[in-house]
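Written out below as structure tokens is the structure these notes cover.
Below, all heavy atoms of this structure are taken into account, side chains as well, without hydrogens, waters or symmetry copies.
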Amino acid sequence: MSTLTQRLERPLQWPARRLRISKLRKARLRRIALHGLALLSMGSVLTALIALRTAILCFAR
């Protein structure tokens, strides 16, 4: 039996189990997600400002 298909023969049991996350872990994950979203938003704003500056400098010549 191949080691790649060894675990595929067993039925999947993870959908039957309910995912249990502690309140502390859920709060930590939410905080990390919000920080990531804030970083992506700041990156988008920074990119937009650089693009605007570039466009203004190109058209000002």
Legend entry - Heavy-atom check, side chain of R28 versus side chain of R31, under 4.5 Å: yes

Legend entry - S44 OG to L49 CG distance, which is reported to the nearest 0.5 Å: 11.0 Å

Legend entry - L40 CG to T47 OG1 distance, which is reported to the nearest 0.5 Å: 10.5 Å

Legend entry - Non-hydrogen atoms of I50 and T54 that approach each other most closely: O-OG1, 2.7 Å

Legend entry - CG on L39 to CG on L34, rounded to 0.5 Å: 11.0 Å

